[in-house]
Amino acid sequence: MYNHLEIDKKWQNRWESAGVFKAEDYSVKPKKYLLVEFPFPSGAGLHVGHPRSYVALDVMARMYRAQGNNVLYPMGWDAFGLPTENYAIKTGRPPAEATAENIATFKGQIQSLGLSFDWSREINSTDPGYYKWTQWQFLQFFKAGLAYKAKTMINWCPKCKIGLANEEAQGGVCERCGGPVEKREKEQWMIGITKYADRLISDLETVDYLPRVRKQQEEWIGKSEGAEIEFKIEGSDKSMRVFTTRPDTLFGVTYVTLAPEHTLVGEITTAEQRAAVSEYVAAVARKTEMERTDATREKTGVFTGAYAMNPANNERVPVWISDYVLAGYGTGAVMAVPAHDERDWEFAKKFGLPIKNVVAFGMSPAEKDTIASYEKGFAEYIEKTPEQLTGVGKKWIDDFLERVRGSKAVLEIGTASGRDANYFSANGLEVIRTDAVEKFVEYQKSLGHAAEKLNILDDALSYDAYDGVFANGVLLHANESGCAYAIRAINNSLKNGGFVALSFKNGVGEKIESEKVGGARYFKFWKQNDVSSLLNKSGFDVLTVSESEDGKWLYVIAQKKTDAGAFVEEGVAVNSDFLNGLATSEAKTNMIAWLEEQKVGARKITYKLRDWVFSRQRYWGEPIPLVHCDSCAGEKLQYVFIHGFKGSVNTDFFPWLKIQMESRDHSVVALELPNADEPNVEEQVQFLLDNVTFTPNTVIVAHSLGTVVAQKLLPKLLVRVRKTVLIDGFMEPVFVDHSRPKVEQAVDWNFDIAGVNNATQELVLLADETESVFPLEQHRKMARAYKAAIQVVKPVEEHFCADIEPAILDLVTITGWNALPDSALPLTLPQVEKYEPTDNGESPLASISEFVNTTCPRCGGAATRETDTMPNWAGSSWYFLRYIDAHNDAEFAAAEKLKYWMPVDLYNGGMEHTTLHLLYSRFWNKFMFDCGFVPTSEPYARRVSHGLIMAEDGTKMSKSKGNVVNPDEIVAAQGADTLRMYELFIGPFSEPAPWSENGVSGVRRFLDRVMRLPEMIVEADSEEVLRTLHKTLKKVSEDIDRMSFNTAVAQHMTFVNSVYAAGGISRESLKTYVRLLSVFAPHVCEELWEALGGEGLVSAQSWPQFNHNLVIDETFELVVQINGKVRDRIIAATGMPDDELKALALSSPKIVEWLAGVQPEKVIVVKGKLVNIVIP
RNA sequence: GCCCGGAUGGCGGAAUUGGUAGACGCACAGGACUCAAAAUCCUGCGAUCGCAAGGUCAUGAGAGUUCGAUUCUCUCUCCGGGCACCA
């Protein structure tokens, strides 16, 4: 028994004084940045679950260091948070005090584990030196127009008079008092994360995240493509816009529905319906979130009395309101197509609204042609070998290979020939063959059919031995028997009320791996089948039937009966005017084109992701460094629009903006500049100087060449203008455009950057990520040069695009909110008497008049501060950047250091942070990247997740259950190394695992055995010990690399067992082994290293290398099987050739006996492993 | 409801691309040391039949593919996680 209490402390102190774990900026060694989520230091202290990931990454950090890497493995405190705040409310103690105590506790606990954190970079998100930069970065969002104030619903507890976070209002009940929670409208700061939605999805391809993490992110962002369509309200000049992913069903609209909160509701409701509507709206408002989102609930709703006009056919449809339409998604209004949407169908059924079919089950003529051509190709393919194919046959096979590329397997159904299987195998596909067809043919024969004249169809329908085979089937061969199976499958599926399954589309199968066949369609029926009754059974009416060219098949168009539910699959358009006969995908495209042409709709992409609510009415958070100034807000401004080239300020989005600004009582100057076709920038600048009176209240809005004009113009102004917004601004004419030479001639490209900056109070760039005209990098360069705010928008597909109008409007609008100057940061949290929000739900800061009342940083007049604070996710969105330069007071981190360390190489954290923290911090980093402040677009190269450590009873550890295990107890009783190794040994790192007291003592026993190894030192190692040592060196290194820590620990135990079995180990080998073990059990190993006379600290030694020759044994145990059953094991020499292994196996006495003279049919030899003898 | 995981001895868990199922640890049993106990060391430890040699059955259930399946395919059951009226 070693004295852990003594050695743990001893070595922790030595490490600290030696500074062995300090990461070195700019070291020439390869850098590795390992990151664990920084904890919230709660009053309860650490529990045994926390250190699991710390220890795991510590092992990696120590190994990588020993392998010659410059490792950054930092730790800090995410200390703003509700528990501390609630504690302050209850006790009146300042949260900063409690936080300091909690951090001390946490830090002591973490340090007692001997983790190799670089404590010199410790951070604390509540430290003003840290949150100064959280505030500064927030201001960048603000300046770029990404932070805005908007009304949102918050959870409000009327009893506690406090706004609640979602996690405090679970189940619609206040966590504090248990009373019901209401929704209340509140103005909040929001950050426009939705502007980054698309990049947050697409950039996931560039990083290595756990697949489920990636998937969860994608689903959370929830991108869907469709169209926005305008419906005019009858007898009114009002109109509503709906979002739909199925514009192809526009002719099937039988009513439209608004969310009860929709602003139009009050405006269009008729007098007769007013009472019913307002009652419904009020009833919905009373409902809790839970009640509203219960999908199983029966539909409710009310008719508004108004009618809308379907833009496709000018049909008059009633306008309803219903809470199944969500106000926050799309436009808050839907066009209801009950025939093809389940929710609309339910609603229509309930309220007796008409149901109009516009999509039929079937195949479009175009698809028919495609398939016919594929079938010809397939016919040719059947005649020839794949290598001989040309023309249609070649096309078929190429297409097939293209479609199934990447599949793990192709399930071959139909009359599979070995030829095909071989060909596909040769092309890298794993082919699984089924004998379904052969057996089916036998079955048919058993019914008395001649083999060459089988009654495939009828038999298939009565043959039920293969039910289920196709439910997820992949059809490779659509020949006759294959089709018989297809029918079988269709039949099965119809029986179950679903759709199948099999795809004849393009005549080839779908991928097994991911696509399954849910989305596939089937269309073709064997002629002899009673198609009508088949389809009738699952609720379809047959519309048309036509024969295939060869007369063997029927093409069917069928329509779901309106009382049989909604037909939501893709199909062919019917009753849809110009869409008739088109497949769903073509119908969508055509409809969108038509809508755009008629100017009643447009293609549209919508996301589930909402903008980030960035304020809370609480004390314990970063104060928002903004000031509201009424006089700034009330200023009447003069907007000067500058375009300048080939087009005018009176086209595209300027007129729209003009109307917006004039409706707000601002003046707008939108002059045609001279020579717009052959522009000369200097001439245009002079024109503006001559014709416009610029004032301090001027806002310059410039676009395209106008941005160049503006950059030339600004230094020449005699006044400092209020703001300049450059849309699609550029520094250099790098775009390829017919006008480029003219532009190049028109201007010299040297700008007076200081002059521009002096001439405008604010400068903002709106850049276009799609690079349709100017590369994004040019924008970034420009933003950096001017130190201007930049907002990157997407998607903008054209030079001018209505999509960005709202973004422009935001940028050019002056709200009266002003940012504090950098010199005023940090804006520190003032001392308050009471930590409780005020009675009307404002943060306690609102009650401190010295804090609230201040002067406007812009005009010097009286102004008020924002009293909301930032949410918990703010500080954690960029903490990984601060570790890189934790003490920098001039910047949040130096660019050079960021360039050296970023991105994080490995980031471990809980699955619970996948959708919020991970998404927010990726977004934050992306914005900072756009501004040129950080070097990578993605912050984390790799993201992994650990499983929770459960209590011994298998439930989650929680204070209330009293089943929490405190690591201090384990460290005190068994030592830090025992805890470390047990946390890793407990099970696979990514899986949850229950804590076990007994398991801990097993690890302690192992460490005691290790500590006794010096007593067993001998002159020379036995062969066995030496070989096991090198195998251990290899396996442990590999296991750490692939984060399989539990097996690495097991291998350590195996090695020590082998030393005990052998009775001794040499000093050299033991020293080698101690280096290997030191990353798991550093304290014990330092002690041993010292005892063995090792130089310096074992933590500073290099990683031991294994010897290849010692890893491979000279002999191995050859397993001899007969028909797959183990019958003998023989020692054989490593590397023995196959035929010798075979001879050796066949000559074994046991095998001879088992074979009893029977001649083997086949003998399979697996090198280095086994021989399998196949006998009949 | 949908989407992801997962299911292996009494327990936690091993099993690199299909190739000896149960590594390692816990618990348990036996032995050595001891007056005794603890600690330590050694041995055994899936079920079943057998004195034994050895056989048979076993990786949630049922099928399939394969010379050979814990691993691949299909169906079903149960457990865990995520999303949940997203038009």
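A note on names: the letters A, B, ... follow the listed sequences, proteins ahead of strands, and every chain is numbered from 1.
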N or O in side chain of N1172(A) less than 4.0 angstrom from U20(B) OP1/OP2: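 False: N1172(A) side-chain N/O out of range (4.0 Å or more) of U20(B) OP1/OP2.
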Distance check: side-chain N/O of Y329(A) vs OP1/OP2 of A87(B), anything under 4.0 Å?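 Yes.
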Going 5' to 3' along nucleotides 27-34 of chain B, which nucleotides have protein heavy atoms under 4.0 Å from the base (write B), which only from the sugar-phosphate (write S), and which from neither (write -)? S-------
Say you pick atom P in G44(B) and the same atom in C24(B); how far apart are they, in whole Å?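 Their P atoms lie roughly 11 Å apart.
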Taking atom C1' in both G54(B) and A69(B), what distance in whole Å separates the two?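 Pairwise C1' distance, G54(B) against A69(B), rounds to 25 Å.
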Going by side-chain contact (heavy atoms from CB on, under 4.5 Å), name the residues that satisfy it together with R1005(A), two or more places apart in sequence or in a different chain.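 R1005(A): no side-chain contact (heavy atoms from CB on, under 4.5 Å) contacts found.
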Can you list the residues that meet the side-chain contact (heavy atoms from CB on, under 4.5 Å) rule with A1050(A), with sequence neighbours excluded?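 In terms of side-chain contact (heavy atoms from CB on, under 4.5 Å), with neighbours along the sequence ignored, A1050(A) is linked to F985(A).
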I need the CG-C1' distance between L918(A) and G82(B), as an integer number of Å.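 These atoms are roughly 15 Å apart.
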Check this for me: does any side-chain nitrogen of one of R1012(A) and D1008(A) sit under 4.0 Å from a carboxylate oxygen of the other?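 Answer for the salt bridge query: no.
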Between E218(A) and R214(A) (salt bridge meaning N to carboxylate O under 4.0 Å), is one present in this structure?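 Answer for the salt bridge query: yes.
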Please determine whether any donor N or O and acceptor N or O are separated by less than 3.5 Å between the side chain of K299(A) and the base of C85(B).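 Indeed there is one.
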At a cut-off of 3.5 Å, list every protein nitrogen or oxygen paired with a nitrogen or oxygen from nucleotides 52-60 of chain B, distance to 0.1 Å.
unit_1, atom_1, unit_2, atom_2, d
U56(B), OP1, R1127(A), NH2, 3.2
U56(B), OP2, R1127(A), NH1, 3.2
C57(B), OP2, K1125(A), NZ, 3.1

Side chain to side chain donor-acceptor pair (under 3.5 Å) partners for K1150(A), two or more places apart: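 If we apply the side chain to side chain donor-acceptor pair (under 3.5 Å) test to K1150(A), skipping adjacent residues, there are no hits.
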Using O4'-C1'-N9-C4 for purines and O4'-C1'-N1-C2 for pyrimidines, with syn meaning within 90° of 0, is G68(B) syn or anti?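 With its glycosidic angle more than 90° from zero, G68(B) counts as anti.
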If we call it a pair only when both distances are under 3.5 Å in a Watson-Crick or G-U wobble match, what pairs with U75(B)?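 Here U75(B) is engaged in a pair, and the nucleotide opposite it is A61(B).
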Pairwise salt bridge (charged side-chain N to carboxylate O under 4.0 Å, His left out) hits with a residue in residues 1041-1060 of chain A, at least two apart: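 Sorted result for residues 1041-1060 of chain A: D1039(A)-R1042(A).
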